[in-house]
Amino acid sequence: MDASNATSLFTEEPANVSAGKNASAGNFHWEIPIVHWVIMGISPLGFVENGILLWFLCFRMRRNPFTVYITHLSVADISLLFCIFILSVDYALDYELSSGDYYTIATLSVTFLFGYNTGLYLLTAISVERCLSVLYPIWYRCHRPKHQSAFVCALLWALSCLVTTMEYVMCIDIPGKEQLNDQRADCRAVILFISVLSFLVFTPLMVVSSLILVVKIRRNAWTSHSSKLYIVIMVTIVVFLIFATPMRLLYLLNYQYWSTTFKNLHHVSLLFSTINSSANPFIYFFVGSSRKKRFKESLKVVLNRAFKDEVQPRRQEDVSNSITIETVV
């Protein structure tokens, strides 16, 4: 792997940028800014949607274990959309931010990766916990720790921070830093670690848990309210697998096999990742809204219906009270 190939995929050499600008109209480089213009149109919409969703989750709705995860997922999507918007503005309008302030562009790129990694980990946690609530309902209702969601989210943010930092330090160049053979070997080790973590641990867990939920939903007569929560989870995960997973795969491949084809495909994958982060609030609204009253109900009612958890864990004192009542009766 060449030293120049380990740079962030958002940060291109000024010579390459100018060369692309001076290319003929038939050159593919002229088509790339179109993708970034589309990103600049979608990402602010997704940013506003996730911001409104975050405000409702934090101040207007009663929390449950599921909404805690969704709140953190919205924060990750907001950070991703903000960074990709700024980076697309830089690239499409040729503001030369990357050549004038390398550390600013590197910080935005790393924050983008941070948001992506966190989103993957949070979606896996959501799917696994929903699966456990179906397979072990008694444990979920009576013995699940009260603050488990918050603890898991904090743990996943820390893991994402660690993974992103490793990738930045080992695989993304810093001006004036020479890439030695040992450093290249370290980058390959980090790529292998991230690939195993993403595609052999978290993604399979997400898929298997989702398949179990699908089977349970088809076999059991869920009520209309309780089934919406599971539909929200499954649709969100399917959209993530279709639109966001290719970006991570291409990102890792580019470290090892840098080529113009991979670079151009990466620009398209950034658009897909933007669509994924912007689509989540639409999914919640579409699934939670009633067919007969769509666009007529308040957003709070729609979100409450989408996030309603029919198998919420009960506090220990509630369980004790119910046992006492049953004993008296």
Side-chain angles (χ1 to χ4, degrees), residues 4-51 76-102 104-117 119-120 172-173 236 238-283:
S4 60
N5 295 348
T7 56
S8 170
L9 293 179
F10 294 103
T11 310
E12 301 184 15
E13 296 295 329
N16 293 339
V17 175
S18 60
K21 298 294 182 179
N22 295 329
S24 61
N27 195 309
F28 185 77
H29 284 284
W30 276 94
E31 300 176 9
I32 294 178
I34 298 177
V35 174
H36 288 271
W37 281 108
V38 176
I39 291 175
M40 286 189 292
I42 297 176
S43 52
L45 178 62
F47 187 89
V48 173
E49 292 171 0
N50 280 280
D77 286 337
I78 287 173
S79 64
L80 184 149
L81 289 169
F82 174 77
C83 292
I84 201 172
F85 174 75
I86 300 299
L87 292 165
S88 295
V89 169
D90 167 53
Y91 187 89
L93 301 183
D94 195 17
Y95 280 166
E96 296 297 337
L97 177 61
S98 56
S99 59
D101 191 349
Y102 178 90
T104 300
I105 207 77
T107 301
L108 290 171
S109 301
V110 170
T111 305
F112 168 82
L113 280 177
F114 184 47
Y116 175 87
N117 291 335
L120 169 62
I172 299 180
D173 280 343
T236 304
V238 169
V239 171
F240 180 88
L241 292 175
I242 294 175
F243 288 97
T245 303
M247 189 281 299
R248 181 36 124 179
L249 182 62
L250 288 172
Y251 211 107
L252 294 174
L253 287 174
N254 265 285
Y255 286 131
Q256 194 71 22
Y257 307 104
W258 180 265
S259 68
T260 302
T261 302
F262 276 127
K263 183 180 68 176
N264 293 336
L265 287 175
H266 174 75
H267 288 282
V268 178
S269 71
L270 291 179
L271 174 61
F272 284 0
S273 186
T274 304
I275 294 173
N276 169 72
S277 296
S278 303
N280 288 338
F282 273 115
I283 294 172

**Contacts of type side-chain contact (heavy atoms from CB on, under 4.5 Å), residue V48, not counting sequence neighbours** =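 For V48, the residues satisfying side-chain contact (heavy atoms from CB on, under 4.5 Å) (neighbours in sequence not counted) are I52.
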If you measure from [atom1] on [X] to [atom2] on [Y], what distance do you get to the nearest 0.5 Å?
| X | Y | atom1 | atom2 | result |
| --- | --- | --- | --- | --- |
| L108 | S88 | CG | OG | 11.0 Å |
| N276 | I242 | CG | CD1 | 10.0 Å |
| L241 | T236 | CG | OG1 | 11.0 Å |
| R248 | Y116 | CZ | OH | 6.5 Å |

Which heavy-atom pair separates [X] from [Y] by the least distance, and what is that distance?
| X | Y | result |
| --- | --- | --- |
| L270 | F112 | CD2-CZ, 3.8 Å |
| S278 | S43 | OG-CA, 4.5 Å |
| S277 | N50 | O-ND2, 3.1 Å |
| I42 | T274 | CG2-CG2, 3.9 Å |

Run the side-chain donor-acceptor check on residues 78-87: report pairs under 3.5 Å with partners two or more places apart or on a different chain.
{"unit_1": "S79", "atom_1": "OG", "unit_2": "V75", "atom_2": "O", "d": "3.4"}
{"unit_1": "S79", "atom_1": "OG", "unit_2": "A76", "atom_2": "O", "d": "2.7"}

**Prompt:** Is the closest side-chain heavy-atom distance between H36 and V89 below 4.5 Å?
**Reply:** no
**Asked** Should F240 and L120 be marked as a side-chain contact (heavy atoms from CB on, under 4.5 Å) after you check the CA-CA gap, both sets of side-chain angles, and the distance that decides it?
**Response** CA-CA 8 Å; F240 180 88; L120 169 62; 3.6 Å; yes
**Message:** Suppose we screen for ring pair (Phe, Tyr, Trp, His ring centres under 6.0 Å). Which residues come up paired with F272, at least two apart in sequence or across chains?
**Reply:**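 Scan of F272 (ring pair (Phe, Tyr, Trp, His ring centres under 6.0 Å), adjacent residues dropped) gives F243.
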**Prompt:** Counting only N and O atoms by type, is there a donor-acceptor contact under 3.5 Å from the side chain of T111 to the main-chain atoms of T107?
**Reply:**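 Pair found, side chain donor or acceptor close to backbone of T107.
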